[in-house]
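For reference, the structure is listed below as C-alpha cells.
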Number of protein chains: 2
Amino acid sequence: MKEGPDISRVAALIGDPARANMLMALMNGKALTASELAAEAGVTAQTASGHLGKLQSGDLVQVRKQGRHKYFALANADVAAALEGLMGLAAGQLRTRTGPKDAALRHARVCYNHLAGQKGVQMYASLLRRGLVREDRDEVALTPDGISFAEEFGIDLDGLTSSRAPLCRSCLDWSERRTHLAGSLGRAMLTRMETRGWVRRDADSRVILFSRDGSAAFEAAFPAVMEP
Amino acid sequence: MKEGPDISRVAALIGDPARANMLMALMNGKALTASELAAEAGVTAQTASGHLGKLQSGDLVQVRKQGRHKYFALANADVAAALEGLMGLAAGQLRTRTGPKDAALRHARVCYNHLAGQKGVQMYASLLRRGLVREDRDEVALTPDGISFAEEFGIDLDGLTSSRAPLCRSCLDWSERRTHLAGSLGRAMLTRMETRGWVRRDADSRVILFSRDGSAAFEAAFPAVMEP
DNA sequence: TTCATAGTTCGACGTTAACCGAAGCATTCA
DNA sequence: TGAATGCTTCGGTTAACGTCGAACTATGAA
C-alpha cells in the first residue's frame, strides 16, 4: 500500500493557491523577498510568512538572509521541473481563458533561469540538429564542436564546470511539450543573450522580449528545424 | 500575477492522501475498479466515489464502465510523468524509512505500463548506445537498425504505429534520475518480456521480478553501459 | 535615541473538505 | 422474481487549514 515516496505531502504543499502563486513567481529564477512574494500571492505578510515557512521545511524553496530581508528562491532545478510537469497537466485541462500575455509567454519566457517557450525548444532543437549537444541516456552533454561553439558564443565553460550543478540538463516545456536546454549552460546562454542585448526580461512577468537585432541574430545562430 | 496555467488545482487534487494513494496504485498501468481503489486508499466506498469523481473531472484519470464495474486508469502518460516528477521531490526530502520493498522497487518496477528502475534506464541506455533509438529534439525514434531489432524481438511495429499514442517517449525515472523508455514501444517491450517469461509482475506492488533465465537474457540483450 | 521597515508569533474566526452511516439506483446472478 | 454486489447520493459531524488583526522582535536609517 505504501510504496514509493509520499507524494501527497508535496502536492498538498503546492496545492494551495497562495503557495502555488509564490512558486510560480519564483520560476523566473530570481530570488524574491517575503513581502514581494506576499504581494505576488495576494495575501498579507503574516500569512505569507506561514506559507514560506512550510515551503521551506518542505524543501521546495531555499532562503538567504540579507540584512533585514529574506530572499527566497526555488530549492533546486528538480522543483522547477516538477512544477513544469504540473503546468503541463493544468494547461491541458484548462484551455479556457487564453489571456493576452499567454501568446508572449508561449513564445519566449524564462523557466527557472533558462530560456523556455517556442524559442527555447527551437534553440535546443537547433543545437541537437547541428551536433553541438548530444543526449546520451538522459544526460545531455556538449560535443567537442559544441564546446568551441559555446566558447565562441562568449561563455566561460571552465567557470561553469567547476560548479556543482550539472552543466546540461533537459527540461520539458509545458507549452510546447518539447524539451529545452536547462542546467548551468542553459542559464549561461540566457544571461549571455541578455548581455549581448538580444533579449531582455519583462519586469513583472516571465516573458522574454527579443530586440529586433536580437531576433535576427537568434534566428541566424539557432535556425528553426523543420517539423518532421 | 496570473501567468501560465493554474497549478494549484491539479496539485491540490493530488495533494489528498487518499487520492494520491489511488494515483500511485494506478501507476502500474493496470485499470482498477472503484472498490479496489477504495481499499488501496484505505477509505470506504462512498468517499472513494467522491474522490474518483474529482479525479475524473480533473482529467487525471479516465474511466470505462463495464457491467457493474467501473475501471479507472490514469488519463495519459503526462499524468504519470507529472507524478514521477513529484516522486522525485518527495524522495529527495524524505530519505527516511527505506522499506524492504524499496530496493526491489528501485531495481525494476513498472511505471504506468513500461519498465522503470535500474533495469529500465539500463535498457534505454543500451538502446541508445547501440544506435537502436535516437533522441532528436525531445522526440525519441527508432533507427533503421532499431526497427529490425524490435521486429526480431517479437514486436509488431505495424500494429503499434497505427495507434494514436506516440511510439517512443522518454520518461524521467524518480529513483535513478535518468531517462527510460516509455510510449507504446516501451509498453510493448515490457509485455513481450513477460510473454517470453523473462519477467513477471508482483501481484500487489509495482515490483517487476526477473526469472533466472530472464535476467541472463536481459543482460545479453541490453548490456549495461559503463558509467561516464 | 527615535522612527520606519521587514518579518514573525499568537489567537480567533470562518471556510472548506474529508469522512462515514444510511438509503437509493443499477446491474448481475440464481 | 428476489437476492446480492458495485457504486452513488444525501446529511451531518469533525478536523484541518487559510486568513487576518494585533502585538512583538530585529535590522537599518535619521
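Just so we're on the same page: letters track the sequence lines, and every chain starts at 1.
- Nucleic acid contact for A:Ala34: sugar-phosphate only, since backbone atoms but no base atoms lie under 4.0 Å from a heavy atom of the residue.
- Here the side chain of A:His51 is nearest to one of C:dA6, C:dT8, D:dT19, namely D:dT19.
- Put simply, NE2 on A:His69 is 6 Å from P on C:dG7, counting in whole angstrom units.
- As rounded to whole Å, 16 Å separates atom C1' of C:dT8 from atom CG of A:Leu55.
- With rounding to the nearest 0.5 angstrom, the CE atom of A:Met193 is 11.0 Å from the OG atom of A:Ser211.
- For B:Val43, whose side chain is taken as the heavy atoms from C-beta onward, the closest listed nucleotide among D:dG28, C:dA18, C:dC19 is C:dC19.
- Here the C1' atom of nucleotide C:dC19 and the CE atom of B:Met22 are 12 Å apart, to the nearest Å.
- Looking only at side-chain heavy atoms (C-beta outward), A:Phe210 and A:Val199 come within less than 4.5 Å of each other.
- Look at B:Glu194 and B:Arg187 and you find no salt bridge, because none of the NZ, NE, NH1 or NH2 atoms lies under 4.0 Å from a carboxylate O.
- Side-chain proximity of B:Ser35 to the nucleotides C:dC20, D:dC7, D:dC20 is greatest for D:dC7.
- To the nearest 0.5 angstrom, B:Arg201 atom CZ is 8.5 Å from B:Thr191 atom OG1.
- A donor-acceptor contact under 3.5 angstrom links the side-chain atoms of B:Gln46 to the base of C:dG21.
- B:Leu32 has its CG atom 11 Å from the P atom of D:dC7, to the nearest Å.
- Summary of the strand contacts: A:Ala12 and A:Arg68 both lie near DNA chain D, and taking for each the nucleotide with the nearest heavy atom, the more 5' one is attributed to A:Ala12.
- Taking atom NZ of A:Lys65 as the reference point, atom P of D:dA26 lies 9 Å away to the nearest angstrom.
- With C:dT8, C:dA18, C:dC20 as the choices, the nucleotide that has an atom nearest any side-chain atom of A:Lys70 turns out to be C:dT8.
- Rounded to whole angstrom, the span from the CZ atom of B:Arg9 across to the C1' atom of C:dA17 amounts to 15 Å.
- Here B:Lys54 lies in heavy-atom contact (under 4.0 Å) with sugar-phosphate atoms only.
- In this structure, B:Thr44 reaches the C:dC20 phosphate: one of its side-chain N or O atoms is under 4.0 Å from OP1 or OP2.
- Under the 6.0 Å distance and 45° angle rule, A:Arg196 counts as a cation-pi partner of A:Phe153.
- Rounding to whole angstrom units, CG of residue B:Leu13 and C1' of C:dA18 are separated by 14 Å.
- The CG atom of B:Leu52 sits 15 Å away from the C1' atom of C:dC19 (whole-angstrom rounding).
- The side chain of A:Ser49 sits closest to C:dT8 out of C:dC19, D:dT8, C:dT8.
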